[in-house]
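Here is the naming used below: chain letters follow the sequence lines, and residue numbers restart at 1 for every chain.
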Protein chains: 2
Amino acid sequence: MVSRKEVADRAGVSSAVVSYVLNDRKIVKEETRRKVLQAIEELGYQPNLLARSLKTKKTKQIAVLVNYLGNPFEAGILLHLEHELREHGYFVFFHTYRKEEEDQLKSVFMGRVDGILLLGQSLQASTVADFESREVPVVSVMQPGQAGSRIAYRDLDWEAELLKLIRHLQEQGHTRIGFMSGEIASASHYEVRFEGFLRALAAAGLTWHPEDQLDGGGRFEDAERALGVRLAAGKAPFTALVGANDLMAAGCLSACRGAGVRVPEELAVAGCENILMSAQTDPPLTTLHYPRQPMATEAVGLLLAMIDGVQADMKALDGELIVRGSTVRIHG
Amino acid sequence: MVSRKEVADRAGVSSAVVSYVLNDRKIVKEETRRKVLQAIEELGYQPNLLARSLKTKKTKQIAVLVNYLGNPFEAGILLHLEHELREHGYFVFFHTYRKEEEDQLKSVFMGRVDGILLLGQSLQASTVADFESREVPVVSVMQPGQAGSRIAYRDLDWEAELLKLIRHLQEQGHTRIGFMSGEIASASHYEVRFEGFLRALAAAGLTWHPEDQLDGGGRFEDAERALGVRLAAGKAPFTALVGANDLMAAGCLSACRGAGVRVPEELAVAGCENILMSAQTDPPLTTLHYPRQPMATEAVGLLLAMIDGVQADMKALDGELIVRGSTVRIHG
DNA sequence: TTGTAAGCGTTATCAT
DNA sequence: ATGATAACGCTTACAA
C-alpha cells in the first residue's frame, strides 16, 4: 500500500507537507501544493483512515444496531437514519447481533465509532454505561424496554397513540381487546408499546384480561402461528386484537384466514407502524402510522448533540391513526 | 482510554507480555498470565482494534453494499450473509450509497475492510479494479448488469428460471407477456433478469414487443404508478405481466385493483424472489422462489476464498416456481 | 513555508 | 519466559 512517505518523496517534500495539503491547510505554497496533488494522483494514493483515526481519536463513523432487518418498518427507518447522518459527514454502518453476543460489541466497537444508534435493540445497562464512560454516546430510536432504561431515546407517546386506536375500536362496539406483543420475556421496545396499551385501555375505561396477551415474537410467521394455535383451541375471548407491529398484525390476518375467522366481522385486527404491506393485505390493515423521517431526524440530532457533549433531553413525536378494512366493514 | 501500557504497569510486566496473553500465546507462565488477566479486568481494558489493524493489515471486517434496504428480499439475504460471515469470525457491516458517491467508497473502505460484498449494487469497473489492485476482493451476490461485468458473483440462471414461469403462463393460454424491470437506464441486476427473460421468451417460441417493457423502478410505489399510467391510457396489449421482483409485481396488483382490472382474468401477474408479502397479496402472487440461504452461503464462501487468494469460479443456483392466484383462477 | 520528530496503541523481532 | 524496541501510517507541535 502506497503511503504518505512515498507521496512525499515523489513530490520532493516532507511527509508533513503532504498532510498539510490533505487537511487543506492554507499555509502551503500553491506550487508545492500542486506538486503534492500530482504525486497523489500519479500514485493513486489513498490515506489510511485507520491510522488517521488512531491519531485523531475521531472516526466519523456511526454504528446502527438493528434488531431485525426483515421488518420493513425498521428498514425504512434505517434509510432515513443513513441519509441524515451522511448529511452531517458521517459514515454509517448497520449491524445486527443477538443477546448472547452483546459483550462482543464492546470490543468490536471500541475505538471504531463516534456514536451508536439503537434500532429496536436494547443493550444491558452495563454495556451502555461502558460505552458512555468511554465517551461513545448511545441513542435509541425507539424507547428500549426496562433493561435499557438509562438510554436516551426518541419515540412516540404510545399511551396517547394507542388510545386513539382503542377509541376507534370502542366506536365499533368492542369492549374486550387483546394485544399481541413480541418476545415478552426479553425487554424490547414492544414491551413499551404493551405498557402504553395497558394504560390507554384503562384510560378508555376498559378492563384488561391477562389471558388476552399473545406473544407474536415480533415476526409475521410467529404471530400467525401464535394466533393460529389460539383459534384452533376455540373462539377468542376478545373481539378485537391489536398487534405491537404491523408484521404481526398481518400474521394474525393470515391466521384468521386459515382458521376461517372473518375479519373484521368476527375479529377486528389492527397494528402499529403502517408498513407498506399493511395497505395490501386482505383486508387492508388499520394501523397507527409511525413517522419515520421525523423520527430519524430527531434521533440523529440527539446523537450528534451528545457527541458534542450536550445533555440528552426528552421529546415525543406524534403518530396518526389510519383506519382500514381490518376494523371496519367496508360498505358496497 | 486505558491502553496496553497501563495494563502492563499494573501487572508488573512489559507490554509485550500483555500482547502475548491477549493473543493466546502458550509461552506465558500461568502465574503472570493470571496477573495480566486480573489487571485487564480491573482496568476494564479493551484492546484498540484500530491500532491492531494498523499493525496487522487485517481488519476481520467485511462491508456489504446494499442497494435498497426497503426491499424485504434483500433484507432477507442480508440476514443470511451476516450469519454466515459471523460464523467465520468476521464482523459485518452494511452500507448503502448512491451512484454519485461511488468514488467516496474507495477512500472510506480502503484499509478498513478485508473484502466487499455487493447486494444489488453494481460498481464501476474502475472502482472494482482499484479495490482488487489493493487486495480487497469484491463479490456480488447477484449478477450485476453490464457495467459490473468483471465482478465475481453468484446468482440464479435467470433464463432457465424464467422459462419455467413463461411455460406456466403459456399453459394458461398467454401468448403475449410483458416485463417490468427496474431502473432500465442504470445497469442493475434487474437488467440481467430482463435479458434472461428475453432469451427465455425466445426459447418458448414467443415474440417480444418492445412496448411491453415497463420501468417499475425496483419499488412498489413506482411500479404501481408505472402500470397505473399504462392502464389509464387503455387496455394493455399483453395478457400477462412478469415483474423483475415481487415488490414491483405487488405494485402491479395494486395498480390493477385501482384501475378495476381483474387479476388473473384480465391480466395475469407474476414476480421474482418470493418475498413474504407475496403470499399475502390479493390475489396471492405467483413467483419464482429465490433461495436466500444457499445463496448467502455460496457468496460468502466465494469471498473468503478470494481473500485467501483463490481464483473465482462460476456456479448458478436453482430457483423454484411457485404458482398462486395471480396467474391461475382458483376454483371454489 | 517547510522539515523534524514525537506519539497514537498495537504487533513482532530480537535480545536477554 | 520476558523485556526493549522498531515498525504500522498518520497528525501536529515545534524548530528551522
How about CD on B:Q311, more than 12 heavy atoms from neighbouring residues, nucleotides or ligands closer than 6.0 Å, or not? no
Lys/Arg N to Asp/Glu carboxylate O, [X] vs [Y], below 4.0 Å:
X	Y	result
B:R34	B:E31	no
A:E135	A:K57	no
A:E273	A:R292	no

Give the nucleotide from the list [options] with an atom nearest to the side chain of [X].
X	options	answer
A:S14	C:dT4, D:dG9, D:dG3	C:dT4
B:K29	D:dC8, D:dT2, C:dA12	D:dT2
A:Y45	D:dT12, D:dC10, C:dT2	D:dC10
A:S3	D:dG9, C:dG9, C:dT2	D:dG9
B:V17	D:dT12, D:dT2, C:dG3	D:dT2
A:V13	C:dG3, C:dT2, D:dT12	C:dG3

Under 4.0 angstrom between [X] side-chain N/O and [N] OP1 or OP2:
X	N	result
A:T32	C:dT2	yes
A:T56	D:dT11	no
A:N48	D:dC8	no

Specify the separation, in whole Å, of atom [atom1] of [X] and atom [atom2] of [N].
X	N	atom1	atom2	answer
B:R25	D:dG3	CZ	P	14 Å
B:K5	C:dG9	NZ	C1'	12 Å
A:I40	D:dC10	CD1	P	10 Å
A:L43	D:dG9	CG	P	14 Å
A:L22	D:dT12	CG	P	12 Å
B:D9	C:dG9	CG	P	13 Å
A:R33	C:dT1	CZ	P	13 Å
B:K60	C:dT11	NZ	P	15 Å

Give A:K57 one of three labels, base, sugar-phosphate or nothing, depending on what nucleic acid heavy atoms sit under 4.0 Å from its own. sugar-phosphate
Select base, sugar-phosphate, or nothing to describe what A:E31 touches, counting heavy atoms under 4.0 Å on all strands. nothing
Looking at [N], does its base get a donor-acceptor pair with the side chain of [X] below 3.5 Å?
X	N	result
A:Y20	C:dG3	yes
A:R4	D:dT11	yes
B:K55	D:dA7	yes

What heavy-atom pair brings A:D130 and A:S133 nearest, and what distance separates the two atoms?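 Residues A:D130 and A:S133, closest heavy atoms: O-OG, 2.8 Å.
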Positive for side chain to side chain contact (heavy atoms under 4.5 Å, CB included) with A:V64, one of A:L81, A:I77, A:V113: A:L81
